[in-house]
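Whatever order the structure lists them in is the order used to number ligands and atoms, beginning at 1.
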Amino acid sequence: MSEGRAAFVTRFAPSPTGQLHLGHAYSAMLAHDMARRAGGRFLLRIEDTDSARCRPVYEAQIYEDLAWLGLAWETPVLRQSQNSAQYDAALARLGEMGVLYPCRCTRGDIRRAATAPQEGAPLHGPDGLIYPGTCRHRAWSERRPEDAIRLDMRRALDLRPQLPQYEETGITAPCTLTRDMLLNGIGDIVLARRDTGAAAYHLSVVVDDAAQGVTHVIRGADLASATPIHVLLQSLLGLPTPIYHHHELIRDETGKRLAKRDDARAIALYRAEGATPNDIRAMVGLPAS
Ligand code: GLU
């Protein structure tokens, strides 16, 4: 494959926390098909920053399942657990810009503060309850290794009064971030986790998509609500914003979206039962290859 910045670079970025199911197969095959059609590149990235939940056996299974499905990806594969220096550098940069603060709250603290009667109805965002801001007064310089690190959304907005836009395939007008969406629908999200200090998904995904030259992010509609966070972080860090394509989710016969615990729909199981890769393509509505 050619090196350098291609016109179409996409990736499949699974977390090795369970077996790949039909939903993952659809996402990976769709991205692979779109890259092939565009004469572009397809990358695989292992999102394994959550050491408590990731397992080597699931990572091995990802390679096996994707190869069996007929997908080919470039090597070496970026594994996020080996890339923490890049995330730390991005955090340090945001820290210098004055948009981060250390947070000592436990989940229980957050639940109690967010649901206190004087707070009104608690607001929810892509990561759950919107953080009520208990630690917002803490200085970045006071952070301890065990603290979580949060983005101060108000300060971020002060730095970017002209809010960035992004392109979604299938939507003709550019998508625009709004102050209301960022303050009340997202809030002060975690960028590095408590105790382990590991980079949170929103930070690592933005750093890696830029470092890998990803031009098109193809992923499930469940992540569409996180995209404004990613676009804002790209703007703060001076990174390019890819084009986003959020595909529909594969659902079971009751309409519920598939989860990693749905082992009944694991690719490995279909394969063991004698299904072919084209059977899997048919099941998720993709043409035979
Ligand atoms: N690692 C994420 C997941 O498994 C996907 C991240 C992305 O595509 O941006 O859900």
Side-chain angles (χ1 to χ4, degrees), residues 8-35 41-55 57-63 65-66 69 71 73 77-84 86-87 90 126-128 166-169 175 186 189-191 193 198-234 237 239-251 257-263 265-267:
F8 191 108
V9 182
T10 191
R11 77 325 187 256
F12 176 56
S15 301
T17 55
Q19 303 215 66
L20 294 190
H21 56 55
L22 281 182
H24 298 105
Y26 175 56
S27 203
M29 293 188 297
L30 179 68
H32 194 263
D33 286 2
M34 286 173 74
R41 298 167 55 199
F42 173 79
L43 311 176
L44 174 63
R45 182 166 76 224
I46 302 295
E47 303 215 320
D48 58 350
T49 56
D50 187 353
S51 53
R53 292 173 59 229
C54 294
R55 301 271 177 276
V57 54
Y58 293 133
E59 182 176 336
Q61 180 102 53
I62 288 172
Y63 300 128
D65 287 348
L66 296 181
L69 285 168
L71 307 196
W73 55 90
V77 168
L78 175 57
R79 299 174 70 240
Q80 292 191 323
S81 56
Q82 294 173 334
N83 210 25
S84 57
Q86 304 302 319
Y87 315 136
D127 295 348
Y166 63 99
E167 247 184 88
E168 273 264 7
T169 53
C175 303
I186 289 171
I189 42 143
V190 168
L191 294 186
R193 293 194 202 110
Y201 159 66
H202 302 305
L203 182 71
S204 55
V205 80
V206 158
V207 168
D208 288 340
D209 281 338
Q212 295 191 288
V214 169
T215 60
H216 290 73
V217 170
I218 298 161
R219 61 185 180 192
D222 52 331
L223 289 169
S225 60
T227 298
I229 305 174
H230 302 168
V231 173
L232 179 69
L233 289 174
Q234 286 149 3
L237 290 165
L239 302 174
T241 290
I243 294 171
Y244 287 88
H245 177 99
H246 294 110
H247 60 73
E248 59 180 282
L249 301 176
I250 303 294
R251 296 177 185 277
R257 66 178 248 234
L258 302 184
K260 286 244 168 79
R261 58 188 173 279
D262 283 319
D263 281 349
R265 288 172 184 80
I267 304 305

> Arg219 heavy atoms, cut-off 4.0 Å: which ligand 1 atoms fall inside?
Replying inline: 7 (C), 8 (O), 9 (O)
> Considering all heavy atoms of both residues, which atom of Arg55 and which atom of Ser51 are nearest to each other, and what is their separation?
Replying inline: NH1-O, 4.4 Å
>> Can you tell me if Phe12 contacts ligand 1 (heavy atom of the residue under 4.0 Å from the ligand)?
In response: no
>> Check the orientation of His216 and Phe8. Use parallel for under 30°, tilted for 30 to 60°, and perpendicular for over 60°.
In response: parallel
> Which bit of Val217 gets closer than 4.0 Å to ligand 1, counting heavy atoms only: side chain, backbone, both or neither?
Replying inline: neither
>> Polar contacts were defined as any N/O atom of the residue lying under 3.5 Å from an N/O atom of the ligand; does this apply to Ala13 and ligand 1?
In response: yes
>> If the cut-off is 4.0 Å to any non-hydrogen atom of Glu47, which atoms of ligand 1 fall inside it?
In response: 1 (N), 2 (C), 5 (C), 6 (C)
>> Quick check on contacts: which atoms of ligand 1 are under 4.0 angstrom from a heavy atom of Val205?
In response: 9 (O)
> Is the number of heavy atoms from other residues, nucleotides or ligands within 6.0 Å of CD (Glu167) greater than 12?
Replying inline: no
> Any non-hydrogen atom of Arg11 lying under 4.0 Å from ligand 1?
Replying inline: yes
> Do His246 and Arg219 come within less than 4.5 Å of each other through their side chains, counting heavy atoms only?
Replying inline: yes
> Can you list the ligand 1 atoms lying under 4.0 Å from a non-hydrogen atom of Tyr201?
Replying inline: 6 (C), 7 (C), 9 (O)
> Has Arg53 got more than 12 heavy atoms of other residues, nucleotides or ligands less than 6.0 Å from its CZ?
Replying inline: no
>> In the structure I gave you, are the side-chain heavy atoms of Ile218 and Thr169 within less than 4.5 Å of one another anywhere?
In response: no
